[in-house]
Chemist: 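Take a look at this one; I'll ask things after.
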There are 2 protein chains.
Amino acid sequence: MTRSSNLIEVAKAAGVSNMTVSRVINNSGNVSEKTRQKVLKAIKELNYQPNLIARSLARKKTNILGLVVYTEKGVHPAFYNEIINGVQKGASELGYDLLVFANREDQSYSDRITHSSFVDGVIFMGVKINQHDIRNVHEKGFPYVFIGKREIEGIQPYFISPDYVKGTRMATEHLIELGHTKIGFIGQSRIIEPDYDKLLGYQEALFKHHVVYNPQLVFEESQTQLDGYNAMKELLKQKPTAVIINNTYATIGATTAIKEAGLQIPEDISVIGFDDNQELNEQFNDFIGLELSTIRIPKVELGKEAAKMAISLLEGNETPKANFIDLHFMKNSSCKKL
Amino acid sequence: MTRSSNLIEVAKAAGVSNMTVSRVINNSGNVSEKTRQKVLKAIKELNYQPNLIARSLARKKTNILGLVVYTEKGVHPAFYNEIINGVQKGASELGYDLLVFANREDQSYSDRITHSSFVDGVIFMGVKINQHDIRNVHEKGFPYVFIGKREIEGIQPYFISPDYVKGTRMATEHLIELGHTKIGFIGQSRIIEPDYDKLLGYQEALFKHHVVYNPQLVFEESQTQLDGYNAMKELLKQKPTAVIINNTYATIGATTAIKEAGLQIPEDISVIGFDDNQELNEQFNDFIGLELSTIRIPKVELGKEAAKMAISLLEGNETPKANFIDLHFMKNSSCKKL
DNA sequence: AAATATTATGTTAGCGTTAACATAATAATA
DNA sequence: TATTATTATGTTAACGCTAACATAATATTT
């Protein structure tokens with residue numbers, strides 16, 4: 001492999017000292033325009049690029065942000081991918097690279113992260129976050145941020161989270177404003193925080209508009225097409241005029257059940273889903289020839305904000321502990337006025 | 001943040017020289033058992049972990065493998081994710097970490113990769129690989145490996161690829177052995193290499209068994225449910241007894257068309273798909289109550305092998321230029337003897 | 001013009017590790 | 001026991017960069 005030149009060679013070629021070159025490549029300190037040009041010329045001629053490893057060692061800072069993704073079944077990879085995309089962008093805008101630790105089930109990363117000196121700070125994402133990791137970074141005072149709101153064993157992390165409560169509340173209110181009162185909800189959960197929050201938003205909206213909460217319209221957590229299908233079949237017995245479904249797969253199943261029952265969307269029943277899997281959502285819309293109204297999580301923005309938050313933290317700036325991101329309600333063609 | 005100790009502090013604590021500590025942590029050279037224990041004790045007491053940045057600078061080697069994923073629509077993220085998982089594992093087994101560059105559309109990575117000194121070698125994956133990147137690493141003699149077979153502008157890369165030709169040939173032969181001769185093929189493409197190869201395998205099997213190739217049974221590239229649905233509707237006019245579909249989404253669409261036509265799988269028609277998206281596949285199987293026979297790409301193995309290949313290359317070992325991975329035919333319940 | 005401020009450049013040491021060589025201690029051989 | 005091989009340890013100088021300080025060259029003020 002062709003060896004790349006170093007800063008000292010550039011300095012020699014330009015007839016200046018190493019520090020002058022350093023100042024030029026870092027745009028720091030004062031360098032006269034004349035010398036700057038000389039140095040830039042030498043850099044170009046030698047095809048020089050700074051050695052990031054050496055720089056990191058000298059600065060005691062890598063400008064690399066770590067992102068740990070605890071993958072699991074059920075939550076679609078695409079969901080994470082978009083967020084990762086956003087984190088990447090946010091980090092990049094602030095001059096950071098991203099090192100993603102993922103795809104290793106149930107593994108602990110924090111020792112490597114806090115010790116290896118490869119990352120300046122870390123973002124944790126995923127449902128099954130390794131407890132040891134949290135405790136470890138926390139005790140070491142290593143800068144970390146959560147994506148997803150939580151509180152673990154008394155530790156209050158810096159976190160950023162989609163505002164599921166508000167998002168679902170707004171969607172439900174939309175249905176209520178259209179005249180619906182018999183609104184089904186598929187996806188209750190006492191374990192999964194986002195699903196829990198969604199139900200909460202649903203309930204808040206009902207309460208605010210004096211619609212009586214009817215537990216018979218609410219169905220257990222659903223992750224798969226089959227779950228959604230079965231839940232919807234049961235729900236239809238209650239003759240709801242609208243339904244909110246917590247998950248793309250379940251929405252597909254539920255929609256199938258609606259079709260099988262000979263009902264039309266939105267004529268006979270209004271449907272609102274969540275776009276946790278946008279690709280699948282689009283595919284599905286395309287297939288059934290309908291634009292489902294969805295509650296959209298701005299995943300890229302979420303990731304960006306997470307990166308900014310983590311970097312603010314690791315750079316020692318004052319950083320708010322909690323950060324909620326608004327969801328967007330996509331008012332498409334699957335809801336109708338009663 | 002709590003500062004972590006360094007090698008010299010460990011050396012002092014153990015009453016030995018820095019090199020002795022270095023030898024202990026690297027398991028290299030000769031160290032007497034007595035001193036080794038002393039050093040290990042000091043390491044434990046000081047909670048020491050080597051600084052990887054410093055080590056990389058000294059060794060001029062990071063033991064980090066780069067993986068560039070050129071993402072795009074159409075190919076499901078989950079597909080890549082499993083491969084990444086495999087690369088991670090393979091790298092890990094050989095003492096390497098993985099730095100994934102991805103999620104930045106149409107971006108060129110190679111300058112950063114070849115210059116930053118952060119990675120020792122790189123794997124490229126994805127359909128729309130950046131031409132400049134290839135040329136760049138190639139000209140610099142930087143070690144690189146492709147996932148997916150190709151030849152770009154006269155450059156013959158080291159590559160690893162699923163053997164789509166063989167896999168599809170075997171699946172087709174299976175159908176022929178079951179007595180099928182009117183076998184449809186959905187997913188022809190002259191652009192996408194894997195799809196091209198799949199058709200080739202299909203044709204080879206027909207040829208080998210003296211079944212006449214009928215272009216009317218072959219349909220254009222299909223990526224979406226709708227594509228698969230439409231293609232299948234057309235294909236059914238030819239009354240095929242079996243069909244091979246190149247893609248999970250298309251398979252779902254095609255299956256829907258079969259059902260709508262009032263046909264049963266496998267009684268009326270045998271179906272073989274590809275499991276490029278295993279999660280969706282499972283969900284779908286679950287939903288239609290059928291275990292689709294699929295041609296499975298061993299993605300984790302593929303990734304592992306890619307890592308081994310790249311590392312072998314960058315360590316200067318003799319490495320074969322091409323490496324084909326066998327596909328697995330999952331003989332489930334969607335094929336029937338004629 | 002002298003004194004001071006400002007800008008431009010240079011020098012040196014150190015970041016934490018390992019490579020390369022040097023030396024000391026022990027074991028094996030003559 | 002002296003000589004040689006082997007094993008165990010140490011010393012020093014990189015790796016390529018930047019921080020911190022020092023100095024030189026200008027520009028600005030009095």
Side-chain angles (χ1 to χ4, degrees), chain A residues 1-40 42-43 46-64 95 112 114-120, chain B residues 1-40 42-43 46-64 95 112 114-120:
Chain A
M1 217 190 96
T2 51
R3 201 188 72 82
S4 49
S5 48
N6 66 21
L7 188 145
I8 292 175
E9 289 166 3
V10 173
K12 271 191 192 138
V16 298
S17 78
N18 51 355
M19 264 326 278
T20 301
V21 177
S22 178
R23 286 185 185 106
V24 170
I25 59 179
N26 290 299
N27 253 313
S28 67
N30 295 315
V31 181
S32 75
E33 194 49 35
K34 216 178 86 192
T35 22
R36 158 167 277 111
Q37 290 308 330
K38 263 197 306 188
V39 171
L40 288 176
I43 286 174
L46 293 173
N47 189 27
Y48 168 77
Q49 295 235 164
N51 181 316
L52 264 34
I53 297 283
R55 172 179 288 172
S56 298
L57 183 60
R59 284 191 184 159
K60 296 179 143 205
K61 184 162 184 304
T62 56
N63 266 41
I64 294 182
R112 295 222 338 280
T114 58
H115 269 101
S116 71
S117 315
F118 256 112
V119 301
D120 299 330
Chain B
M1 218 190 94
T2 50
R3 200 188 73 82
S4 49
S5 47
N6 66 21
L7 189 144
I8 293 175
E9 289 166 2
V10 173
K12 270 190 193 138
V16 297
S17 77
N18 51 354
M19 264 325 279
T20 301
V21 177
S22 179
R23 285 183 187 108
V24 170
I25 60 181
N26 291 298
N27 252 312
S28 67
N30 294 316
V31 181
S32 74
E33 193 48 36
K34 217 178 85 192
T35 22
R36 157 166 280 112
Q37 290 308 329
K38 265 198 305 189
V39 171
L40 288 176
I43 286 174
L46 293 172
N47 191 24
Y48 167 78
Q49 295 236 165
N51 181 316
L52 265 35
I53 297 284
R55 171 180 288 172
S56 297
L57 182 60
R59 284 193 186 156
K60 296 181 143 205
K61 183 160 185 306
T62 57
N63 266 42
I64 294 182
R112 296 222 336 282
T114 57
H115 269 101
S116 71
S117 316
F118 256 113
V119 301
D120 299 330

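So you know, we letter chains A, B, ... as the sequences are listed, proteins then strands, and number each from 1. Only heavy atoms go into these numbers, but all of them, side chains included; no hydrogens, no water, no symmetry mates.
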Chemist: Taking atom C1' of D:dT18 as reference, at what distance in whole Å does atom CG of A:Asn6 sit?
Modeler: 14 Å

Chemist: Heavy atoms from C-beta onward define the side chain here; which of C:dT17, D:dC17, D:dG10 lies closest to that of B:Ser17?
Modeler: D:dG10

Chemist: Rounded to the nearest 0.5 Å, what's the gap from CG on B:Asn51 to OG on B:Ser4? Could you check?
Modeler: 7.0 Å

Chemist: Measure from the side chain of B:Pro50, starting at C-beta and using heavy atoms only, and say which of C:dT17, C:dT9, D:dT18 lies closest.
Modeler: C:dT17

Chemist: Output the rounded distance in Å from CD (A:Gln49) to C1' (D:dC17).
Modeler: 15 Å

Chemist: So if I take every side-chain heavy atom of B:Leu57 and compare against D:dT7, D:dC17, D:dG16, which nucleotide ends up nearest?
Modeler: D:dG16

Chemist: May I ask you to evaluate whether B:Thr35 reaches the phosphate of D:dT9, defined as a side-chain N or O under 4.0 Å from OP1 or OP2?
Modeler: yes

Chemist: Between CG of B:Asn63 and CG of B:Leu52, what distance do you get to the nearest 0.5 Å?
Modeler: 8.5 Å

Chemist: Looking only at the side chain of A:Asn18 (C-beta and beyond, no hydrogens), which of the listed nucleotides D:dT11, C:dT12, D:dG16 gets closest?
Modeler: C:dT12

Chemist: Could you tell me how far apart B:Ile8 (CD1) and D:dG10 (C1') are, to the nearest whole angstrom?
Modeler: 13 Å

Chemist: Between A:Thr20 and C:dG10, is there a contact of a side-chain N or O with OP1 or OP2 at under 4.0 Å?
Modeler: yes

Chemist: Let me know, please, whether B:Ala54 or B:Val31 comes out on the 5' side of the other along DNA chain D by nearest nucleotide.
Modeler: B:Val31

Chemist: Looking at the side chain of A:Ala58, which of D:dT9, D:dG16, D:dC21 is the nearest nucleotide?
Modeler: D:dG16

Chemist: Rounded to the nearest angstrom, tell me the gap between atom CG in A:Leu46 and atom P in D:dG16.
Modeler: 14 Å

Chemist: Does D:dT18 have its OP1 or OP2 closer than 4.0 Å to a side-chain nitrogen or oxygen of A:Arg55?
Modeler: yes

Chemist: Counting only side-chain heavy atoms from C-beta out, which of C:dG16, C:dT18, D:dT9 sits nearest to B:Asn26?
Modeler: C:dT18

Chemist: In whole angstrom, give the distance that lies between atom CZ of B:Arg23 and atom P of D:dT9.
Modeler: 9 Å

Chemist: Should B:Ser22 be listed as having a side-chain N or O under 4.0 Å from OP1 or OP2 of C:dT18?
Modeler: yes

Chemist: Taking the side chain of A:Asn51 as its heavy atoms from C-beta onward, which of D:dG16, C:dT17, D:dT9 lies nearest to it?
Modeler: D:dG16

Chemist: Any heavy-atom pair between the side chains of A:Lys38 and A:Lys34 that's under 4.5 Å?
Modeler: no

Chemist: Over how many whole Å does the gap from A:Ile53 atom CD1 to C:dT17 atom P extend?
Modeler: 14 Å

Chemist: Check the phosphate of C:dT17 against B:Ser56, side-chain N and O only, distance under 4.0 Å to OP1 or OP2. Yes or no?
Modeler: no

Chemist: Taking atom C1' of D:dT11 as reference, at what distance in whole Å does atom CG of B:Leu7 sit?
Modeler: 14 Å

Chemist: Starting at atom NZ of B:Lys60, determine the distance to atom P of C:dA19, rounded to an integer number of angstrom.
Modeler: 12 Å

Chemist: Has the side chain of B:Arg59 got a donor or acceptor that lies under 3.5 Å from a partner of the other kind on the base of C:dT17?
Modeler: no

